[in-house]
Amino acid sequence: MSKTVQTFQRVKTEMAHSMVRTMYQPGEIEAKWQARWAEEDYGVARDDDPRPKFYNLVMLPYPSGDLHIGHWYNYTGADIFGRFTRMRGYNVMQPIGFDAFGLPAENAAIKRNIQPRTWTLDNIENMRRQLRKMGAGWDWSREIVSCLPDYYLWTQWLFLQFYKHDLAYRTKAPANWCPSCNTTLANEQVVGGACERCHTPVERREIDQWLMRITKYADELLRFDGLDWPEKTRVMQTNWIGKSEGAEVRFVAHIPGKRRKNPATGKFVIEPEERVEIPVFTTRPDTIYGVTFFVLAPEHPLVERLTTPKQRKAVQAYIEQARHETEIDRLSTDAARPKTGVALGTFVTNPVSGEQVPIWIADYVLMGYGTGAVMGVPAHDQRDFEFARMFNLPIKQVIRDGDEPLTDPETWEHALTAHGAMVNSGQFDGAPPDQAISKVIEWMEHKKVGRAATTYRLRDWLVSRQRYWGAPIPIVYCPEHGAVPVPEDQLPVRLPDEANFKPTGESPLRYDPSFLHTTCPICGEPATRETDTLDTFICSSWYFLRYADAHNDNAAWAPDKVAKWLPVDRYIGGAEHAVMHLLYARFFVKALRDMGWLNFDEPFIKLYHQGTVLGPDGVKMSKSRGNVIAPDAVVERYGADAVRAFLMFMGPFDQGGPWNNQGIEGVRRYLNRVWALVTETLDESGSDHHVVNGASQDGATPTAAERGIERLRHRMIARVTDDYAEMRFNTALAGLMEFVNGLNKAREESPAITQTPTFRAAIETLLTLLAPMTPHIAEELWHMLGHTESVHDQSWPAYDPALTVAETITLIVQVNGKLRDKLEAAPDIAEDEVRALALASPKAQAALDGRPAKKVIYVPGRLVNIVG
RNA sequence: GCCGAUGUGGCGGAAUGGUAUACGCGGUGGUCUCAAAAACCACUGCCCUCACGGGCUUAAGGGUUCGAGUCCCUUCAUCGGCACCA
């Protein structure tokens with residue numbers, strides 16, 4: 001009968017007498033410690049703590065009602081890192097709050113006939129409960145709820161600061177309109193022509209909208225100096241901003257004069273032509289001699305005036321068709337759909353070559369990018385090439401293909417888009433590839449027909465939403481004074497607690513007389529309020545600043561508090577926010593810095609994206625698939641510690657992985673073994689009936705078994721510390737498992753070992769290393785060992801590299817790179833000796849098969865490779 | 001189409017250019033039990049062999065190297081992002 005089995009029998013007998021003592025019951029201990037930590041303000045970060053600060057932030061959750069397993073994943077990793085960092089001597093601030101405004105609340109409210117406010121606040125209450133059950137070190141004293149007036153007052157105040165500095169403005173412009181959500185959307189919220197939230201194809205609407213001038217910061221937003229961000233995210237932001245360098249060239253068009261009756265003479269006269277300049281943006285001014293046609297976006301304002309009477313009907317039909325089809329066609333996967341377009345019947349003059357080319361409209365030219373006009377260079381642009389082929393327009397080669405002789409472009413299958421020397425280009429002929437662009441720009445600037453120019457894909461951020469559940473935009477419209485900002489001392493502009501929802505496409509606030517009607521802050525005459533509300537991304541663009549000073553009634557934050565805590569040291573959240581939240585927040589910080597409110601450039605120094613937890617079937621969780629894991633149920637069954645540990649054990653933290661119901665059983669079994677290891681050895685050391693002599697006493701020479709345990713302890717500290725620091729939680733837990741396996745094996749081999757200080761030290765180290773990952777069981781067992789302070793207040797254990805070195809090493813003997821034998825040796829064995837031993841190995845000799853060893857490679861401490 | 005990431009046992013996954021498959025799940029056999037569950041012990045990449053032992057294996061193919069899962073090239077597959085951006 002093995003020792004462990006005997007122990008188990010004894011434990012089983014004892015269970016009858018004291019169940020509480022011997023059974024691991026996560027439900028009980030987790031509730032107990034959570035209550036204790038709350039009482040003792042474990043998570044509360046003090047501003048006056050002298051230790052170095054560490055701002056450990058997770059992305060603000062939306063209170064959808066239930067904490068998703070994905071939240072658990074994100075927050076567990078963040079919490080482990082936070083607890084670990086705290087034990088390493090930092091004053092860690094790890095706040096939590098709620099991004100509480102937004103469409104889902106309003107949609108749910110309409111569906112269930114309850115008010116968004118009630119729905120949201122109820123959800124928050126439930127999520128607070130769920131968040132507490134994680135056993136995370138949240139600083140609840142700094143909680144923010146973005147839909148409450150003490151928060152949105154400052155959201156409104158910030159809007160006014162942006163307005164004051166001309167970074168918020170109102171304009172009438174074509175906006176993305178979601179007919180299902182009944183509101184306009186920012187460009188970032190339109191994915192593939194459809195609403196990001198409900199996937200309804202968006203429409204274009206001309207409405208007065210509020211925008212934030214994020215484009216002013218386009219260049220600075222392209223710089224990521226000093227930021228430790230995933231390459232992927234930086235690339236996504238860079239592509240989103242989409243900086244293109246090239247030239248703006250002004251082509252000249254002549255609007256035909258109208259035939260008109262002179263009222264004085266009664267005779268018909270032809271008015272003189274009107275000369276208009278139409279700028280185009282191009283990245284390839286070196287191809288300007290290859291222009292054979294000119295294309296305007298169908299929405300271009302000059303289209304109507306540049307259309308000849310003969311073409312009018314066809315043009316109008318095309319514009320109508322483009323308006324209807326564009327968004328739907330964008331959704332189709334057929335990216336290579338044939339080019340369409342209509343000629344206007346008029347011409348433009350190429351200001352460099354002097355040639356006249358026809359003007360067309362085509363939907364491949366977008367009004368929203370560049371100038372909404374394009375010079376058609378079919379030989380050197382694939383789209384223009386396809387367009388020319390479709391309408392039999394001439395193709396003219398003006399760039400050489402390296403040293404290849406010129407060929408007839410009409411025979412080509414693709415445009416030649418590579419750079420090369422200029423040809424067929426008048427005075428520019430022969431300009432080499434690296435100078436071609438600059439020479440043409442220089443010439444155009446000299447002749448004043450064009451200039452170097454830069455264009456961005458990034459548009460200003462549209463922030464008006466025609467919905468109720470958001471922060472009201474603090475603006476009043478006065479018949480006399482126009483748009484007037486609400487004076488700061490009159491903030492907040494309170495959102496009425498209730499709203500009457502009507503599917504009108506206008507904010508419900510418009511139908512609330514008590515909200516709508518007010519007086520002009522300037523003249524006191526009757527006026528109306530802005531009834532649009534702010535995009536919720538505004539709320540989440542500054543919450544990390546508010547956490548530093550969450551309850552300040554006099555300011556959005558006190559400068560010294562923000563200076564103490566910001567910027568965020570580590571920000572952990574989903575990659576789906578790469579071009580929205582993360583870009584907006586950077587913009588906010590830069591703008592506020594320029595206004596003098598902040599003195600740093602970037603909000604988030606280190607950014608980390610956790611992976612996605614998939615359903616047990618390996619597919620993204622969704623209600624319709626029925627593969628959703630509800631945290632409450634698994635926590636109930638296995639305990640929060642097991643859920644935390646299993647989530648981290650699934651795979652690398654940035655990769656996520658499938659949930660596995662057997663997998664969590666395994667982790668739970670591990671925690672049972674930890675419990676057994678500690679409680680059983682505690683029994684043995686704490687009572688006298690099992691004490692066996694033979695273990696070393698203090699001061700005596702350690703036995704081999706003790707040296708082995710001490711080596712294991714130091715190795716595990718080294719390994720787990722590195723893994724936590726790099727957020728490799730899966731391998732950290734594998735190490736912690738090996739630690740327990742090693743201790744159990746030692747215990748089985750020499751039961752007396754458990755009485756030694758060495759073993760006791762190993763157990764204490766195990767609990768400290770477990771503390772960040774499974775905080776409750778670590779705390780409970782720590783106290784069982786007789787400690788009165790929290791395990792979470794211990795400093796992180798140190799290790800001695802010298803003590804991690806093995807007493808004997810295994811040297812691999814290879815012949816021609818293949819494993820043939822193994823040698824046990826002392827770590828400091830001499831090279832000569834190793835070579836001799838390896839060559840003498842019968843197995844190596846057999847593999848050599850009589851051939852002489854040409855060469856012997858020795859990698860100290862690892863292997864010998866005999867080349868024969 | 002472009003950009004990026006990833007391909008390792010039955011499964012999730014480990015591996016500073018140096019013992020591939022750590023750790024866990026699952027499976028098989030065993031101990032305990034009247035029995036089952038739990039727990040514990042042993043084995044568990046594939047092929048050949050009664051065995052000793054040998055051969056093969058990190059998506060596929062090639063290369064560099066004494067030695068490649070790891071570095072380089074080609075191809076394939078999966079996932080993510082962008083997609084007429086002039």
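A, B, ... follow the sequence lines: proteins, then strands. Residue 1 opens every chain. Quantities reported herein were computed from a predicted structural model and do not represent experimental measurements.
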When the C1' atoms of B:C11 and B:G63 are considered, how many whole Å apart are they?
34 Å

Using Watson-Crick or G-U wobble geometry with both distances below 3.5 Å, tell me the partner of B:U16, or none.
none

Does the base of B:C84 carry an N or O that pairs as donor and acceptor with the side chain of A:Lys339 under 3.5 Å?
yes

Taking pairing as Watson-Crick or G-U wobble with both contacts under 3.5 Å, can you name the mate of B:G9, or confirm there isn't one?
none

Quick note, A:Pro658 side chain, CB onward, closest among B:G12, B:A86, B:G55 is B:G12

Please determine, by modelled atom types, if A:Gln397 and A:Trp412 share a side-chain donor-acceptor pair under 3.5 angstrom.
no

If only side-chain N and O atoms count, and only distance matters, is there a donor-acceptor pair under 3.5 Å linking A:Asp821 with A:Ser841?
yes

Is B:G26 in the syn range, within 90° of 0, or in the anti range?
anti

Counting the atoms with a prime plus P, OP1 and OP2 as sugar-phosphate, which does A:Arg234 contact under 4.0 Å by heavy atoms, base, sugar-phosphate, or nothing?
nothing

Do A:Tyr364 and A:Asp384 have a side chain donor and acceptor closer than 3.5 Å?
yes

Please give the nucleotide sitting opposite B:C46 as a Watson-Crick or G-U wobble pair, both distances under 3.5 Å, or none.
B:G55

OP1 or OP2 of B:A14 less than 4.0 angstrom from a side-chain nitrogen or oxygen of A:Arg728, does that happen here?
no

Does A:Arg711 CZ have over 12 foreign heavy atoms under 6.0 Å away?
yes

Does B:G80 have a Watson-Crick or wobble mate here (both distances under 3.5 Å), and if so which one?
B:C3

Distance only, no hydrogens: is a donor on one side chain within 3.5 Å (strictly under) of an acceptor on the other, for A:Gln382 and A:Thr417?
no

For B:C71, which nucleotide in any strand shown is its Watson-Crick or wobble partner with both distances under 3.5 Å?
B:G63

To the nearest Å, how far apart are A:Tyr24 OH and B:A39 C1'?
17 Å

Distance to the ring centre below 6.0 angstrom and angle to the axis at most 45 degrees; does that hold for A:Arg644 and A:Trp72?
no

Tell me which of A:Gln655 and A:Tyr364 sits closer to the 5' end of RNA chain B, going by the nucleotide each one is nearest to.
A:Gln655

Which nucleotide in the set B:A86, B:C41, B:C84 lies at the smallest distance from any side-chain heavy atom of A:Glu748?
B:C41

Using purine N1 to pyrimidine N3 plus N6-O4 or O6-N4 for Watson-Crick, or N1-O2 and O6-N3 for G-U wobble, each under 3.5 Å, what pairs with B:A86?
none

Counting just side-chain N and O atoms, does A:Lys818 come under 4.0 Å of either OP1 or OP2 of B:C56?
yes

Sugar-phosphate only, base, or nothing, as touched by A:Lys855 at under 4.0 Å among non-hydrogen atoms:
sugar-phosphate

Under 3.5 Å for both donor-acceptor distances, Watson-Crick or wobble: does B:C32 have a partner, and if so which one?
none

Contact class for A:Val867 vs. all strands (heavy atom < 4.0 Å): base, sugar-phosphate, or nothing?
sugar-phosphate

Neighbour count above 12 (heavy atom, 6.0 Å) for A:Lys232 NZ:
no

Residue whose closest nucleotide on RNA chain B lies nearer the 5' end, A:Pro652 versus A:Asp384
A:Pro652

Distance check, C1' atoms only: B:C79 and B:U31, in whole angstrom units.
47 Å

Between protein and nucleic acid, restricted to nucleotides 18-25 of chain B and to nitrogen or oxygen atoms under 3.5 Å apart, what atom pairs and distances do you find?
from	atom 1	to	atom 2	distance (Å)
B:G18	O2'	A:Arg862	NE	3.1
B:U19	O2	A:Lys822	NZ	3.1
B:A22	O2'	A:Glu738	OE2	3.1
B:G24	OP1	A:Asn741	ND2	3.1
B:C25	OP1	A:Arg669	NE	3.3
B:C25	OP1	A:Arg669	NH2	2.8

Atom OH of A:Tyr369 to atom C1' of B:A83: distance rounded to whole Å?
13 Å

Rounded to whole Å, CG of A:Asp617 lies from P of B:C11 at a distance of 16 Å

Ignoring hydrogens and geometry beyond distance, is a side-chain donor-acceptor pair present between A:Tyr456 and A:Thr215 at under 3.5 Å?
no

